[in-house]
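Comments concern the structure below.
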Amino acid sequence: MPSEFDKPYDPKEHEDKIYKLWEESGFFNPDKLPGGRGKTFSITLAPPNVTGSLHVGHALEHATSDVLIRFKRMQGYKTLWLPGTDHAGIATQNVVEKELKKQGISRHDLGREKFLEKVWEWKKKYGNIILDQMKKIGASCDWTRTRFTMDPEYQEAVKEAFLHYYKKGWIYQGERVVNWCIKDQTSLSDLELEYQEEKGKLWFIKYPLKNSKEFIIIATTRPETMLGDTAVAVNPKDKRYKNLVGKKVLLPIQNREIPIISDRRIEMNFGTGAVKVTPAHDMLDEQIGADNKLPALQVINEIGKMTSAAGQKFEGMKMLEAREAVLKELESQNLIEKIDDYPHNIAKCYRCETHIEPLRSKQWFLKMEELAKLAIKAVKSGKIKFHPKRWEKIYFDWLKNIKDWCVSRQIWWGHKIPLDGVDDVLDTWFSSALWPFVTLGWPASAKTLAGKSKKNDLETFYPTDILTNDRGIINLWDARMIFSGLEFIGAPPFKDLLIHATILTKDGKRMSKSLGTGIDPVDLITKYGADATRFGLIWQAMGGQDIHWSEEHVVAGRKFCNKIWNAARFVLQQTPPGKKSDFGTPKKSDFEEGGNSKLGFDYASSADKKILAQLKKTKKDIGRLIDKYEFGQALHTLYNFVWHDFCDIYLEESKKNLNAEVLASVLAESLKMLHPFMPFISETIWGHINNKNILMIESWAS
RNA sequence: GGGCGCAUAGCUCAACGGCAGAGCGACCGCCUUACACGCGGUAGGUUCUAGGUUCAAAUCCUAGUGCGCCCACCA
């Protein structure tokens, strides 16, 4: 009886040791796993950004992936869970810039090369913190295969992918109004915006008609852009303005003649039904401008200041200063009809929260039409299944209304666009989209397929079995991985896409680091242990439903650990030292009449028979539930069996009427079932009752 | 503006057409030799509201209220 059993279970005494044991065994690596293992089971980790540390949502994701991997490993699959991190372009550039700002340095002071060195330093430090956090929660990833989205091989792969599209004619350069962040100095995709309601105003401005004393009144939230107006537009069905279409107005301040045109996209019910058209600073206006062959006048530049086209009076002013100046001027000319309060959504950069300035700019685009079709078909046909199914809708809605993907970014940290004379980098999601196959060796592996006796990773593990992530990146990442996999490999990157619960704060708000509402899983692990943390997360995240964070379940997990610990202690007390071999596992025949092992049915009491039957059922149920990704249900079932059926009833019974063999084997089987969920404590106890194998690779079926 | 999700015990959540459950907390007994991170017991619910379908509704339908999320070019 080891003395450590004399105290309550203390995870700190065991977890690091156990993790080291697993790592040294080599069994995280599928190539080192014993046995035949014809079937494979693979997951590529959703690579966390190297921007900082993980939160409790990641921990849930990693705990559930680890349940699957450990379960399948014990079931005899050749299991690979491939880890890594993402360079996360703008996000990482931003945090490093912030860090430098504390020292009073900007990235421009350093210059591109020196700045990138700093980012690499950051990556080295924080990339490792993230991976260490994963180890703490017990993730059984194959660390020998760890990848980073900027590894040299990865850079080659991104180049290959880009050029593949380029040769197909799907990459083109276009000058368009894009979402421009005036702080980060880069374009952003629609998916990289966040909207925030602000108390704005709606200004009603009188535009004088040419050769007339009359006005047409337009409504706008952005009066400063009027300096770049090249038309006024109304709906063709709008009777109020029918006789004005085709006439001209004299644009105030600029004294420029601009036409009144009609366009069906104009909403009659908004404002006055007449709209100023500024093709250089609004996406809809740009389209209207293109359809009506209007010129585009850029009056705001990429740093958010007025250009010479805005007129001498305004040139060099910041956008908001210009707004005041323009309004003052209009006021003095008595051209403001009225001002309404108008709360509306303002687009902001999702990384730095600066207002987005729609701006005309030369960017690289990837044609999406064919790729979107591929992605739609893969899910429609059932090759890829969403869990829960309803998330498909988010995916289809986006793909069906897809716009070409602006893949260029004007930042420094990222994959360079592999064309001569272009110093832009690629959208970070362009490289993430290739993750499931580049991490398995594409494109090099794809070229060396023929004639090899040993299969390479891509052949062996692609398509992966399941991917799990938060609903927030269904389109940003999942959709793009799906069409990339289909385009480059000819097969979807995974079979199942599991959208897990989003963990909200107790009062239902999104967890956010900046708001200080995030919870660090490492704090929980320190306080309660990794198994308890895993237990709490899985226990609470029953289905795909959002959950309000609640630490009580982690408390329950800690208590459960102690319960298991003490049950093991009791069983060890009932078994004389040196009789480790008695902890065999029941065989199929043990559950059947006529079985002749000493655990056998015929030898057992009714209590023995009952617990063996309950064990058999529990094991079956748990296997079925894990395969359905119902981890919470599986854990509840297991908890009920271990605590109530085994400890409360059978253990008590065995105090009166001991069958040491049955007692020991039920403990052994319980540990196996517990292992995917609570790997540390189960492995620790296993070490005391069995000296042949480590539990991690014990056979589930037995 | 459109779409989706949620509303069940004090709190966090199960149950998805057939007697409403768990964890945490509360209360009352117990240091019963595995475990007080425990054991035994108790209290606590008109399942958001109003209708409807059904022999039967927390569960299905309709409308409403509240909360959360996503999408969208009403400037």
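The sequence lines fix the lettering, A, B, ..., with proteins before strands; numbering per chain opens at 1.
Comparing B:A14 with B:A7, their C1' atoms are spaced 15 Å from each other, to the whole Å. The P atoms of B:A15 and B:G21 are separated by 14 Å, rounded to the nearest whole Å. Using P as the reference atom, B:C13 and B:G17 are 23 Å apart when rounded to the nearest Å. Of the C1' atoms belonging to B:A22 and B:G44, the separation is 15 Å, rounded to the nearest Å. Straight-line distance between the P atoms of B:G68 and B:C27: roughly 33 Å, to the nearest whole Å. If you take atom P in B:U47 and the same atom in B:A20, they sit 10 Å apart, rounded to whole Å. For the C1' atoms, the distance from B:G40 to B:G45 is 25 Å, rounded to whole Å. Using atom C1' as the reference point in both B:A9 and B:U46, the two lie 14 Å apart (nearest Å).
In terms of position on RNA chain B, the residue among A:R558 and A:H636 whose nearest nucleotide sits closer to the 5' end is A:H636.
For A:K385, the salt bridge (Lys or Arg N to Asp or Glu O under 4.0 Å) criterion is met by no residue, not counting sequence neighbours. For A:E267, there are no salt bridge (Lys or Arg N to Asp or Glu O under 4.0 Å) partners two or more places apart in sequence or in a different chain. By the salt bridge (Lys or Arg N to Asp or Glu O under 4.0 Å) test, A:K559 is found to be paired with no residue, residues two or more places apart in sequence or in another chain being considered. For A:D397, the salt bridge (Lys or Arg N to Asp or Glu O under 4.0 Å) partners are A:K393, not counting sequence neighbours. In this structure, the ring pair (Phe, Tyr, Trp, His ring centres under 6.0 Å) partners of A:Y629, at least two apart in sequence or on a different chain, are A:H387.
For A:E175, the CD atom sits in a packed shell: over 12 heavy atoms of surrounding residues, nucleotides or ligands are nearer than 6.0 Å.
Distances from the side chain of A:E652 to the nucleotides B:G5, B:G3, B:C35 place B:C35 closest. Taking the side chain of A:P8 as heavy atoms from C-beta on, and the options B:C37, B:C4, B:C35, the nearest nucleotide is B:C37.
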Just the atom pairs and distances: protein N or O near nucleotides 38-45 of chain B's N or O, under 3.5 Å.
| residue | atom | partner | partner atom | Å |
| --- | --- | --- | --- | --- |
| B:G38 | O3' | A:K563 | NZ | 3.1 |
| B:C39 | OP1 | A:K563 | NZ | 3.0 |
| B:C39 | OP1 | A:W643 | NE1 | 2.7 |
| B:C39 | OP1 | A:D648 | OD1 | 3.4 |

Sort me out a list of protein N/O and nucleotides 27-29 of chain B N/O pairs below 3.5 Å, or just none if empty.
none

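A straight line from CG of A:N566 to C1' of B:U33 spans 13 Å, rounded to a whole angstrom. Counting to the nearest Å, the P atom of B:C24 and the NZ atom of A:K506 are 14 Å from each other. For the pair A:I649 CD1 and B:A34 C1', the interatomic distance rounds to 16 Å; values are reported in whole Å. Taking atom NZ of residue A:K656 and atom C1' of nucleotide B:A34, one finds them 16 Å apart after rounding to whole Å. Regarding A:H500, its NE2 atom lies at a distance of 15 Å from the P atom of B:C13, rounded to whole Å. If you take CD of A:Q574 and P of B:U33, they are 14 Å apart, rounded to a whole angstrom.
Classification of A:R360 and A:E286 as a salt-bridged pair holds, one side-chain N sitting under 4.0 Å from a carboxylate O. In summary, A:K527 and A:E551 engage in a salt bridge, as defined by a charged side-chain N under 4.0 Å from a carboxylate O. Checked for salt-bridge contact, A:R624 and A:D627 miss the test: no charged N lies under 4.0 Å from a carboxylate O. Between A:D341 and A:K201 there is a salt bridge, since a side-chain N of the basic residue sits under 4.0 Å from a carboxylate O of the acidic one.
Among residue pairs with one or both ends in residues 217-233 of chain A, those qualifying as side-chain hydrogen bond (donor to acceptor under 3.5 Å, both in side chains) are A:Y207-A:D229, A:R222-A:E224, A:R222-A:E357, A:E224-A:R323, A:T225-A:K276, A:D229-A:K276, A:D229-A:T278; sequence neighbours excluded.
The aromatic rings of A:Y639 and A:F560 are tilted relative to each other, their planes meeting at an angle between 30° and 60°.
With hydrogens and angles ignored, the 3.5 Å screen pairs a side-chain donor or acceptor of A:H58 with a backbone N or O of A:H55.
Using a 4.0 Å heavy-atom cutoff across all strands shown, A:I474 reaches no nucleic acid atom at all.
When side chains are defined from C-beta on, A:E15 counts as touching A:I525, because their heavy atoms get closer than 4.5 Å.
Side chains of A:W477 and A:N469: no donor on one and acceptor on the other come within 3.5 Å.
Cation-pi geometry between A:K617 and A:F641 is not met: the NZ or CZ atom fails to fall both under 6.0 Å from the ring centre and inside 45° of the normal.
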Readout for nucleotides 66-75 of chain B: B = base within 4.0 Å of protein heavy atom, S = sugar-phosphate only, - = neither; 5' to 3' it is --SSS-BBBB
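At a non-hydrogen distance threshold of 4.0 Å, A:I547, A:H548, A:S550, A:E552, A:H553 from residues 547-555 of chain A come into contact with RNA chain B. Across residues 528-540 of chain A, A:W539, A:Q540 each have a non-hydrogen atom less than 4.0 Å from an atom of RNA chain B (numbered order).
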Go through it in stages, so that I can follow the logic: the residues are A:K610 and A:E653, the test is salt bridge (charged side-chain N to carboxylate O under 4.0 Å, His left out), and I'd like the CA-CA distance, side-chain angles, deciding distance and then a yes or no. CA-CA 11 Å; A:K610 191 175 174 193; A:E653 180 65 28; over 6 Å; no
Please evaluate residues A:D291 and A:R264 with respect to the criterion salt bridge (charged side-chain N to carboxylate O under 4.0 Å, His left out), reporting the C-alpha separation (whole Å), side-chain torsions for both, the decisive distance (0.1 Å), and the verdict. CA-CA 12 Å; A:D291 294 347; A:R264 63 190 163 74; 5.9 Å; no
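Taking the six-membered ring wherever Trp is involved, the centroid distance between the rings of A:F270 and A:Y342 falls below 6.0 Å.
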Watson-Crick and G-U pairing of RNA chain B written in dot-bracket, each distance under 3.5 angstrom, with | for inter-strand partners: (((((((..((((....[..)))).(((((.......))))).....(((((..]....))))))))))))....
